[in-house]
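Here's the structure, in C-alpha cells; my notes come after.
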Amino acid sequence: MQARAKSEFAQPRLEPRLLLTHLDPKTIKQALASLPWKTAMYVVGALEYATITGPNLAYAANKIGPAQIEALYQYGKFQFECGNYSGAADYLYQYRALCTNSERSLSALWGKLAAEVLMQNWDVALEELNRLKEIIDSKNFSSPINQVQSRIWLMHWSLFIFFNHDNGRTLIIDLFNQDKYLNAIQTSAPHLLRYLATAFIVNKRRRPQLKEFIKVIQQEQHSYKDPITEFLACVYVNYDFDGAQKKMRECEEVILNDPFLGKRVEESNFSTVPLRDEFLENARLFIFETYCRIHQRIDMGVLAEKLNLNYEEAERWIVNLIRGLKLDAKIDSQTGTVIMEPNHPNVYEQLVDHTKALNGRTYKLVTQLLEHAQGQAAR
C-alpha cells in the first residue's frame with residue numbers, strides 16, 4: 001500500500017502530516033517572493049471581498065481564472081503543511097466551490113477531512129467523511145482495485161472520528177458492516193475487524209447483526225485473528241468458556257495498548273479507559289448469556305470462574321443483571337446455584353425476524369443489481 005494517497009494529502013497515521021516538497025516555500029517570506037503564491041493570496045483576498053460585499057461565489061469565479069483557482073489549492077495545501085489547519089480547511093472549502101475538476105475537488109476534500117480531524121472538529125469531520133463516502137461509492141474508477149483502496153483509506157481515517165464522536169460506536173457499524181466495505185476489509189484490511197468486533201461487543205442495540213458478523217470472523221480466522229475476534233469465536237462458535245476467559249484478559253491488554261480503543265479520560269487525579277470497562281462488562285454478559293442458554297442449573301462458583309470474578313462479585317453482578325434485564329432466573333442461596341427458567345421461542349417472533357432478514361437481503365440484492373446496470377450503462 002502506498003505511503004501517500006493520490007490526493008497528495010497524507011493518509012491515516014497517528015499524527016497525519018504532509019511531506020514538504022522542494023518546490024514549496026518553507027516560509028511566508030518565500031511565499032510572497034513566488035508569483036504562484038502571490039496569485040493564491042490574491043484569490044483569497046477576492047473571495048473574502050466577495051463574501052463581505054455580497055456577490056456569490058459564481059461572481060468570484062467569473063473574475064478568477066483557472067490558474068488562480070489552482071493557486072488557491074496549492075495555497076491551501078501550503079497552509080496545511082505549515083500547521084495552519086483552520087486556514088487550510090477554509091481555503092480548500094473555497095477551492096471546491098470554484099473547482100470544476102472532479103479529481104482535484106476530491107483531492108481537496110481529502111485534505112479538508114484531514115484538517116478537520118487534526119483540529120478535532122468531529123462533527124464537521126463526520127460530514128466530510130460522509131461526502132467522501134458518497135463520492136467513492138458513486139464514482140466510476142478506472143479499476144475496481146482503486147475503489148477498494150479508496151474505501152480502505154476512508155475506513156482508516158474514520159477511526160479517528162468514530163472513537164471520538166459521541167455516536168461513533170454505532171456509526172462505525174453502519175459503515176464497516178456494509179457489504180462493500182466489509183468485502184474491502186476482508187480483501188485488504190482484515191486488521192480493521194478488531195474495531196468492528198469491539199463496536200459490536202459494546203453496542204447492545206446492534207446484537208441482531210452480530211450473528212452475521214460471527215460468520216465473517218469464522219471465514220477470516222485463517223488470515224487474521226486477535227484476542228478480540230478470538231473472544232467472539234470462543235463464545236459463539238466453539239462454546240469454549242475457559243478459552244473466552246483467557247481471551248478476555250488478553251483483550252484488556254489489547255485495548256490498553258491500542259491508540260483508538262485505549263483512549264484515556266482524566267478524572268480529578270485518576271486516569272481511566274472508559275472503553276475497557278464497558279468492554280469487560282459486556283464481554284461478561286456475552287459469556288453469561290451463552291452459558292445460560294445451554295445450562296438450566298449453573299453453579300455460582302463455576303460461573304464466577306468463567307466471568308473472571310470472585311464468588312461475591314459474581315453473585316452481586318448476576319443479581320444486578322437479573323434485575324436490570326428482568327431475566328427469568330433465580331438464585332438458590334442454599335445450593336449456590338443459578339436456576340434458569342425454560343424460555344421457549346415464540347414462533348410468531350421467529351417468523352417476523354426471518355421476514356425482516358429476507359426484506360433486508362432482497363433490498364441489498366436489488367441495490368447491487370441496479371448499481372451494476374448503471375456501471376455497465378456508463379461504460
note = Sorted by chain and number, sequence neighbours left out, side chain to side chain donor-acceptor pair (under 3.5 Å) with N84 holds for Q79
Aromatic plane relationship, H191 with H156 - under 30° parallel, 30 to 60° tilted, over 60° perpendicular = tilted
Residues 180-187 side chain polar contacts: donor-acceptor under 3.5 Å, at least two apart:
from: K180; atom 1: NZ; to: E371; atom 2: OE1; distance (Å): 2.5
from: K180; atom 1: NZ; to: E371; atom 2: OE2; distance (Å): 2.8
from: Y181; atom 1: OH; to: D137; atom 2: OD1; distance (Å): 2.9
from: Y181; atom 1: OH; to: D137; atom 2: OD2; distance (Å): 3.4
from: N183; atom 1: ND2; to: D179; atom 2: O; distance (Å): 3.1
from: Q186; atom 1: NE2; to: Q219; atom 2: OE1; distance (Å): 3.3
from: Q186; atom 1: NE2; to: E220; atom 2: OE2; distance (Å): 3.0
from: T187; atom 1: OG1; to: N183; atom 2: O; distance (Å): 2.7

key: salt bridge (Lys or Arg N to Asp or Glu O under 4.0 Å) assessment of R276 paired with E253   = CA-CA 9 Å; R276 176 192 59 180; E253 290 296 321; over 6 Å; no
ask   = Relative to each other, are the rings of F288 and W317 parallel, tilted or perpendicular (30° and 60° limits)?
value = perpendicular
note = Taken to the nearest 0.5 Å, the spacing of C99 SG from Y73 OH works out to 9.5 Å
query = What's the spacing between L232 CG and K247 NZ if we round to 0.5 Å?
reply = 12.0 Å
query = Taking atom CZ of F260 and atom NZ of K263, what is their separation to the nearest 0.5 Å?
reply = 12.0 Å
inquiry  = Could you measure the distance from the CG atom of L126 to the CG atom of N167? Nearest 0.5 Å is fine.
reply    = 8.5 Å
inquiry  = Students often mix this up, so state it plainly: with edges at 30° and 60°, are the rings of F80 and Y85 parallel, tilted or perpendicular?
reply    = perpendicular
query = For the atom pair OG (S158) and CZ (R151), what is the distance rounded to the nearest 0.5 Å?
reply = 13.5 Å
query = Just one of F163, F162, F176 clears the ring-ring contact (aromatic ring centres under 6.0 Å, His included) bar with Y195, so which one?
reply = F163
query = With a cut-off of under 6.0 Å to the ring centre and 45° to the axis, is K211 in cation-pi contact with F213?
reply = no
E313 with R316: basic N within carboxylate O range, under 4.0 Å = no
message = Can you confirm whether more than 12 heavy atoms, excluding those of L256, are under 6.0 Å from its CG atom?
response = yes
inquiry  = Quick check on the hydrophobic clustering: are L210 and I287 connected, directly or via other members, by side-chain heavy-atom contacts under 4.5 Å?
reply    = yes
query = Which distance, rounded to the nearest 0.5 Å, do you find between the CD1 of I145 and the OG of S150?
reply = 12.0 Å
request  = Side-chain contact test, heavy atoms from C-beta onward, threshold under 4.5 Å: evaluate it for R249 versus E252 and give yes or no.
outcome  = no
Within one Ile-Leu-Val-Met-Phe-Trp-Tyr cluster: V124 and V117, side-chain cutoff 4.5 Å = no
request  = Mind running salt bridge (Lys or Arg N to Asp or Glu O under 4.0 Å) on R169 and E278 for me, showing each step along the way?
outcome  = CA-CA 12 Å; R169 298 174 192 176; E278 193 173 349; 2.3 Å; yes
